[in-house]
Engineer: 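Here it is, the structure, as structure tokens.
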Amino acid sequence: SMIASGSTTLRLDFDILIEQYGADTARFFMLSDSPPERDVEWTAAGVEGAWRFLQRVWRMLELVGPAAEIPASFSTEATALRKLTHKTIAGVTEDIEGFTFNKAVARLYEFANGITRLDGNEPDAAFARREAVETLVQLMNPMAPHFTEEMWAALGQSTPLVDTAWPAADPALLTDDTILLPVQVNGRKRAEISVPRDAEKASIEEIALAMPDVARHLGGQPPKKVIVVPGRIVNVVV
């Protein structure tokens with residue numbers, strides 16, 4: 001067996017891996033590395049990456065305030081994190097049920113990035129952040145059971161994580177209120193607009209024509225025709 005070193009090419013003995021990094025880091029790395037039908041490539045860089053991620057998640061305790069009741073309303077930024085939280089619940093649940101643990105771990109990395117992007121300590125942001133961190137810990141539990149139990153307790157939870165129900169995604173937070181529509185001018189894409197999912201055609205047309213890259217091609221003249229296909233595309237003919 002080869003001893004772990006700073007090299008990213010040396011393969012690691014599993015017993016040494018456990019001794020140096022702990023069982024949870026080893027398990028988390030093993031599940032993140034590749035689909036179950038492929039062999040795991042035991043590299044120092046990969047294991048160290050998993051270890052650093054666990055440390056990063058632990059430091060999220062510093063971002064979380066005390067538990068509080070759900071606020072009456074949420075800012076756009078807080079809502080975006082809540083949507084990410086519930087989409088991650090749905091995605092990780094599906095991945096685990098399908099035994100694609102590497103995909104589940106990839107979602108958890110992305111989720112952690114989303115948590116740290118939310119700024120502010122207003123009640124809505126604080127609620128969304130705590131909800132997200134608690135959910136991240138729950139979703140990581142199958143991959144890092146010892147680590148997540150410790151963090152769950154540090155979050156002030158009295159019921160052990162092993163006795164806590166798996167989180168359920170809120171269907172209302174799985175849908176997007178806005179959609180992105182490409183805007184074509186004479187068949188060539190010139191812009192992309194974000195509009196409410198239920199926006200009227202006239203409103204979509206107004207937003208599209210106001211886009212600088214579209215207006216420039218109009219040259220101050222009204223378009224010959226604007227074709228709005230709801231949920232799909234806006235075609236401007238000049």
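Keep in mind that the numbers below use all heavy atoms, side chains included, and drop hydrogens, waters and symmetry copies. Counting begins at 1 with the first residue of the sequence.
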Engineer: Between D24 and F147, is there a donor-acceptor pair closer than 3.5 Å when you use the side chain of the first and the backbone of the second?
Structural biologist: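 The answer is yes, because a donor-acceptor pair under 3.5 Å joins these two groups.
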Engineer: Going by side-chain contact (heavy atoms from CB on, under 4.5 Å), V226 matches just one of V237, N235, V214, L209. Which one?
Structural biologist: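 Testing V226 for a side-chain contact (heavy atoms from CB on, under 4.5 Å) against V237, N235, V214, L209 leaves exactly one candidate, L209.
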Engineer: Has the side chain of R130 got a donor or acceptor atom that lies under 3.5 Å from a matching backbone atom of G65?
Structural biologist: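 Flag set: sc R130 to bb G65 pair under 3.5 Å.
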Engineer: Using modelled atom types only, decide if a donor and an acceptor are shared between the side chain of R129 and the backbone of L118 within a distance under 3.5 Å.
Structural biologist: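 A pair under 3.5 Å: yes.
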Engineer: Could you tell me which non-hydrogen atom of A154 sits nearest to which non-hydrogen atom of W58, and how far apart they are?
Structural biologist: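 The answer is CB-CH2, 4.2 Å.
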Engineer: Could you report the tightest heavy-atom contact between L180 and S194, atom names first, then the distance?
Structural biologist: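 Where L180 meets S194 most closely, the heavy atoms are CD2-CB, 3.8 Å.
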Engineer: Using modelled atom types and a 3.5 Å cut-off, is there a donor and acceptor pairing between side-chain atoms of D213 and backbone atoms of A191?
Structural biologist: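 Between the backbone of A191 and the side chain of D213 there is no qualifying donor-acceptor contact (under 3.5 Å).
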Engineer: Before you tell me yes or no, could you show the steps for R232 and L181 under side-chain contact (heavy atoms from CB on, under 4.5 Å), namely the whole-Å CA-CA distance, both residues' side-chain angles and the distance that decides it to 0.1 Å?
Structural biologist: CA-CA 6 Å; R232 296 290 298 279; L181 296 181; 5.5 Å; no
Engineer: Kindly say whether V183 contributes a backbone atom to a donor-acceptor pair with the side chain of E192 at under 3.5 angstrom?
Structural biologist: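 No.
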Engineer: Can you confirm whether more than 12 heavy atoms, excluding those of E200, are under 6.0 Å from its CD atom?
Structural biologist: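 No, because the 6.0 Å sphere around CD of E200 holds 12 heavy atoms or fewer from other groups.
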Engineer: Got a donor-acceptor contact below 3.5 angstrom from the T100 side chain to the K103 backbone?
Structural biologist: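 No, T100 side chain to K103 backbone: no donor-acceptor pair under 3.5 Å.
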Engineer: Can you measure from CZ (R82) to CD (E77) and round to the nearest 0.5 angstrom?
Structural biologist: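 Between atom CZ of R82 and atom CD of E77 there are 14.5 Å.
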Engineer: So which atom in V92 and which in A104 form the shortest heavy-atom distance, rounded to 0.1 Å?
Structural biologist: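 Smallest heavy-atom distance, with atoms named: CG2-O, 3.9 Å.
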Engineer: So which of L84, I89, T88 actually passes side-chain contact (heavy atoms from CB on, under 4.5 Å) with H86?
Structural biologist: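 Going through L84, I89, T88 one by one, the side-chain contact (heavy atoms from CB on, under 4.5 Å) with H86 is satisfied by I89 alone.
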Engineer: A side-chain contact here means heavy atoms from C-beta on lying under 4.5 Å apart; do W152 and S158 qualify?
Structural biologist: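 They are not in side-chain contact.
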Engineer: Mind checking whether E134 and L139 have side chains closer than 4.5 Å, heavy atoms only?
Structural biologist: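 Not in contact.
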Engineer: Report yes if some heavy atom in the side chain of I179 is under 4.5 Å from a heavy atom in the side chain of V195; otherwise report no.
Structural biologist: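 Touching, per the 4.5 Å side-chain cut-off.
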Engineer: What do you reckon, is CD of E94 surrounded by more than 12 foreign heavy atoms closer than 6.0 Å?
Structural biologist: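 No, because the 6.0 Å sphere around CD of E94 holds 12 heavy atoms or fewer from other groups.
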Engineer: Atom CD of residue position E150 - does it have more than 12 heavy atoms of other residues, nucleotides or ligands inside 6.0 Å?
Structural biologist: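 Open: at most 12 neighbouring heavy atoms sit under 6.0 Å from CD of E150.
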Engineer: Donor-acceptor pair, distance only, cut-off 3.5 Å: does the side chain of T116 make one with the backbone of N113?
Structural biologist: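 Yes, T116 side chain to N113 backbone: donor-acceptor pair under 3.5 Å.
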Engineer: Is a donor on one side and an acceptor on the other found under 3.5 Å between the side chain of N121 and the backbone of A126?
Structural biologist: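 The answer is no, because no donor-acceptor pair under 3.5 Å joins these two groups.
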Engineer: Once rounded to the nearest 0.5 Å, what's the spacing between atom CZ of R107 and atom CG of N102?
Structural biologist: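 Result: 10.5 Å between the selected atoms.
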Engineer: Tell me which pairs pass ring pair (Phe, Tyr, Trp, His ring centres under 6.0 Å) where either residue lies in residues 110-138, with sequence neighbours left out.
Structural biologist: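 Residue pairs with at least one partner in residues 110-138: F74-F127.
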Engineer: Measuring from atom CH2 of W166 to atom CD of Q138, what distance do you get when rounded to the nearest 0.5 angstrom?
Structural biologist: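 Between W166 CH2 and Q138 CD, I get 8.0 Å after rounding to 0.5 Å.
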Engineer: Would you indicate whether the side-chain heavy atoms of I96 and M143 approach each other to under 4.5 Å?
Structural biologist: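 Contact flag for M143/I96 side chains = yes.
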Engineer: Are E149 and V162 close enough, and set up right, to give a side-chain contact (heavy atoms from CB on, under 4.5 Å), and what steps lead you there?
Structural biologist: CA-CA 8 Å; E149 283 290 359; V162 69; 3.5 Å; yes
Engineer: List the steps, then state whether side-chain contact (heavy atoms from CB on, under 4.5 Å) holds for M60 with L136.
Structural biologist: CA-CA 10 Å; M60 287 184 182; L136 176 62; 3.9 Å; yes
Engineer: For the atom pair NZ (K201) and CD1 (I227), what is the distance rounded to the nearest 0.5 Å?
Structural biologist: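 If I round to the nearest 0.5 Å, the distance is 10.0 Å.
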Engineer: Begin with the C-alpha distance, continue with both residues' side-chain angles, and end with the deciding distance and a verdict on side-chain contact (heavy atoms from CB on, under 4.5 Å) for I193 and M211.
Structural biologist: CA-CA 8 Å; I193 59 174; M211 296 297 292; 3.5 Å; yes
Engineer: What distance separates T148 OG1 from L161 CG, expressed to the nearest 0.5 Å?
Structural biologist: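 T148 atom OG1 to L161 atom CG measures 5.0 Å (nearest 0.5 Å).
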Engineer: With rounding to the nearest 0.5 Å, note down the distance linking CG in D124 to OG1 in T79.
Structural biologist: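 One gets 7.5 Å once the value is rounded to the nearest 0.5 Å.
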Engineer: Can M140 be reached from L63 by stepping across I, L, V, M, F, W or Y side chains whose heavy atoms are under 4.5 Å apart?
Structural biologist: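 Same cluster.
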